[in-house]
Undergrad: 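Before I ask anything, let me first share the structure, which is written out below as structure tokens.
Chain naming here is simple, since letters A, B, ... match the order of the sequence lines and numbering starts at 1 in each. All values reported here derive from a predicted model rather than from experimental measurement. Only heavy atoms go into these numbers, but all of them, side chains included; no hydrogens, no water, no symmetry mates.
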There are 2 protein chains.
Amino acid sequence: MTAHLNGGDLSRLRQLNAESVMRVLRDERPQTLTELAQRVGLSRASTEDVVQELLEVGWVAEMEPAAGGVGRPARRYRFRADAGHLLGVDVGGHKVLAVITDLDGTVWHSRQVAVTPELGRSERLAAVDKAVAGVLRSAGLTGEELWGAGVATTGLVDGTGRVMLSEALTEWTGVDLAGHLRDRVGGAVWVENDCKVAALAETWRGVARHAADMVFILAGWRTGAGLVIGGKLHRGFGNAAGEIGALPAAGWQRAPGHLRAWLHDGDVFAASRAGDKAATAALRRYVKDLAQGISALVLTLDPELVVIGGGFSRSADVFLEPLRAELDRWCLRTPELRVSVLADEGVALGAAKLALDMSSPQRFARNRD
Amino acid sequence: MTAHLNGGDLSRLRQLNAESVMRVLRDERPQTLTELAQRVGLSRASTEDVVQELLEVGWVAEMEPAAGGVGRPARRYRFRADAGHLLGVDVGGHKVLAVITDLDGTVWHSRQVAVTPELGRSERLAAVDKAVAGVLRSAGLTGEELWGAGVATTGLVDGTGRVMLSEALTEWTGVDLAGHLRDRVGGAVWVENDCKVAALAETWRGVARHAADMVFILAGWRTGAGLVIGGKLHRGFGNAAGEIGALPAAGWQRAPGHLRAWLHDGDVFAASRAGDKAATAALRRYVKDLAQGISALVLTLDPELVVIGGGFSRSADVFLEPLRAELDRWCLRTPELRVSVLADEGVALGAAKLALDMSSPQRFARNRD
DNA sequence: GGCCTTTAGATGGAGTCCTGGATAACTTGC
DNA sequence: GCAAGTTATCCAGGACTCCATCTAAAGGCC
């Protein structure tokens with residue numbers, strides 16, 4: 001049916017246990033061997049063996065022991081977030097943003113290049129090159145030293161990293177983004193839709209850290225969605241999951257128009273916040289349309305959580321409650337509703353997470369032979 | 001994030017390898033040790049060890065060797081589908097159907113009891129008891145001998161096996177189905193929504209065997225959906241996944257009405273097949289509404305496959321092509337569309353599969369200590 | 001009947017994990 | 001400052017699983 005778990009060699013068992021140890025150290029505070037052993041379910045002796053090996057490859061570091069407490073002080077070990085670095089690139093209509101993160105998702109360097117939606121293909125690719133080269137330079141890294149690189153862009157992306165269809169960017173359909181970047185960066189490159197990786201970012205460093213099933217809504221002048229199901233990014237068979245906006249009844253094609261119609265593109269959110277009746281009415285129409293599509297997603301998946309991101313999420317204070325009320329009208333069980341805090345970096349961060357997820361299994365396996 | 005894979009003991013490795021062997025034997029034809037070893041990725045010697053153990057617990061049987069061929073004839077081993085039995089019960093508005101299947105999903109015994117939607121709670125439960133007792137008697141099994149029992153019913157079901165909400169059946173909301181059946185059957189009982197398990201049945205014995213992502217549509221006087229994502233049944237956080245019908249814009253509440261309106265409930269499908277214009281028009285309106293909801297599911301999930309089941313699927317020949325055409329209007333990529341062949345047994349079969357999926361991990365683990 | 005091919009079965013070795021005991025380091029109480 | 005108590009580290013010995021390899025067995029083919 002699906003890709004099941006294979007057993008195999010004895011070394012496979014060690015690999016699984018090493019992964020367990022890494023997970024615990026990554027997701028929780030530094031631990032002593034005794035704590036680790038309990039947490040992972042191994043004996044102390046075996047845990048020591050595993051940690052020793054992880055120390056040698058540099059993925060785990062020893063800390064100074066905790067002061068106080070009775071008995072011989074235990075060594076404490078922590079996840080080494082700086083054991084590897086990831087490149088995440090957000091290729092949007094108005095900006096190209098490249099970030100370098102560590103394995104924990106902390107952004108250490110970033111480089112932004114302004115672009116416009118109308119820019120031609122080669123100019124946009126040049127902006128990508130500029131951002132990537134810039135961020136690599138300030139990090140003092142070469143592409144080969146990276147664990148991997150992820151690229152996110154608007155539009156549908158196929159399995160090989162080519163843009164199948166992009167309506168928002170000119171001359172962008174058909175670009176072989178993965179190929180282009182692979183030539184620049186040298187290592188492995190993965191390409192994905194921007195909404196999808198933004199969802200990933202929320203489960204990594206955002207407001208959806210412990211949610212197994214989550215829907216991310218990109219709310220901006222474009223509207224989109226990304227799905228996390230069972231803790232993993234859901235792509236769909238043709239990489240087109242979350243495209244509920246294509247359905248006219250979902251209201252997403254029409255939704256931003258209500259805001260755009262308001263007084264020549266002034267800040268409708270600020271006006272509504274200040275008590276402007278017309279602005280509030282426009283916003284209400286926007287929310288009504290937005291909620292149709294979200295309800296369809298929620299009723300389909302029944303997620304634990306819905307996260308609102310995108311440009312409008314900054315102003316979510318003025319429409320979050322109306323949105324919740326509107327969802328209550330349609331949903332059998334309205335999920336918890338949260339606003340993204342990742343701001344403009346969400347997509348780039350998600351691209352980095354994509355690269356981490358795709359590269360680390362191989363890296364684990366390769367390390368043990 | 002999610003329940004990750006734990007490593008552990010050495011016996012855990014053996015367990016994983018035994019599961020791999022079982023999967024290969026179950027999904028493919030009988031195999032020799034050499035074939036098995038290659039397929040599973042173990043050495044011949046270890047495979048022999050594993051198979052020996054599986055022979056001893058009775059989950060695998062030896063066959064007479066294949067005739068012909070050069071070299072010493074190899075022993076061949078097969079999956080023993082009769083190593084265990086499952087009870088699946090479909091509690092519907094018009095019938096209660098209980099089946100006994102083997103581990104392969106072959107139905108060996110079944111017992112149907114006619115009911116009506118208006119029946120009271122205790123009468124319906126009595127019908128369940130009658131069907132279950134009857135099918136157990138004809139199978140010559142007691143409840144304790146079963147690997148597990150699954151029950152499917154209309155309405156939302158909570159995690160403990162209680163019916164949270166059922167609109168189609170009177171006095172059915174709040175019934176503790178799991179508790180009731182546990183008293184009768186003795187073993188472990190799982191309860192789930194009927195659309196959901198019908199989806200499961202399609203991936204087991206139906207037309208969706210190798211699909212990882214699949215949407216099942218129950219098309220009948222009620223309309224519902226069940227989702228399989230990543231090879232597993234998707235329940236949702238509140239067990240309410242697939243309830244797109246709750247959204248008025250999805251059209252499912254209105255859809256069957258077009259057919260019901262046609263000439264006092266005559267067979268609209270047969271009439272349309274015979275060329276009746278009015279019947280065809282009613283059917284067309286039905287399909288238009290049905291397609292709205294399906295499109296929402298498809299655009300959300302981008303599944304590999306959509307399976308049409310339920311009472312109307314018998315007459316799918318008259319509306320499958322119009323449905324496909326309608327889906328083409330809305331979907332970015334219309335998935336493959338198939339018609340269920342499980343007929344009336346789909347839900348009961350799915351309930352049995354639910355019991356198998358829920359019980360076998362424990363059974364694997366318990367067997368090795 | 002002898003040869004060839006393939007499988008069955010047995011043996012020794014390596015890797016991983018567990019248990020239990022001896023040793024080490026630090027705190028507490030006197 | 002020293003002994004007692006507590007906890008951690010370190011070091012076998014033993015069990016389990018897998019692998020490589022070798023010999024014996026069972027067929028077909030000449």
Undergrad: Just by protein heavy atoms under 4.0 Å, how would nucleotides 5-11 of chain D read 5' to 3' in B, S and -?
TA: -BBBBS-
Undergrad: How many whole angstroms separate atom CG of B:Asp49 from atom P of C:dA8?
TA: 14 Å
Undergrad: What is the distance, rounded to the nearest whole Å, between atom CG of B:Asp9 and atom P of D:dG14?
TA: 19 Å
Undergrad: Would you say B:Ser46 reaches D:dC19's phosphate, i.e. side-chain N/O to OP1/OP2 under 4.0 Å?
TA: yes
Undergrad: Write down the distance between CZ (A:Arg14) and P (C:dT16), rounded to a whole number of angstrom.
TA: 5 Å
Undergrad: Using a strict threshold of under 4.0 Å (side-chain N to carboxylate O), is an ion pair present between A:Glu48 and A:Arg44?
TA: yes
Undergrad: In whole Å, I'd like the distance from the CG atom of B:Leu55 to the C1' atom of C:dA8.
TA: 14 Å
Undergrad: Shortest non-hydrogen contact from B:Gly236 to B:Ala241?
TA: N-CB, 3.9 Å
Undergrad: Take a 6.0 Å sphere around CZ of A:Arg39 and say whether it holds more than 12 heavy atoms from other residues, nucleotides or ligands.
TA: no
Undergrad: Check side-chain hydrogen bond (donor to acceptor under 3.5 Å, both in side chains) between B:Asn239 and all other residues, then give those that pass, not counting sequence neighbours.
TA: none
Undergrad: Find the distance B:Leu16:CG to D:dC18:C1' and express it as a whole number of Å.
TA: 14 Å
Undergrad: Excluding sequence neighbours, so at least two apart, what forms ring-ring contact (aromatic ring centres under 6.0 Å, His included) with B:Trp147?
TA: B:Trp59
Undergrad: Starting at atom CD of A:Glu53, determine the distance to atom P of C:dC17, rounded to an integer number of angstrom.
TA: 9 Å
Undergrad: Take the protein atom CD of B:Gln52 and the nucleotide atom P of C:dG9, then report the distance between them rounded to whole Å.
TA: 8 Å
Undergrad: For B:Gln31 and C:dA8, what is the distance between atoms CD and P respectively, to the nearest whole Å?
TA: 13 Å
Undergrad: If only side-chain N and O atoms of A:Asn17 are considered, is one of them under 4.0 Å from the OP1 or OP2 phosphate oxygen of C:dT16?
TA: no
Undergrad: So, are A:Arg76 and A:Glu64 salt-bridged, with charged N and O less than 4.0 Å apart?
TA: no
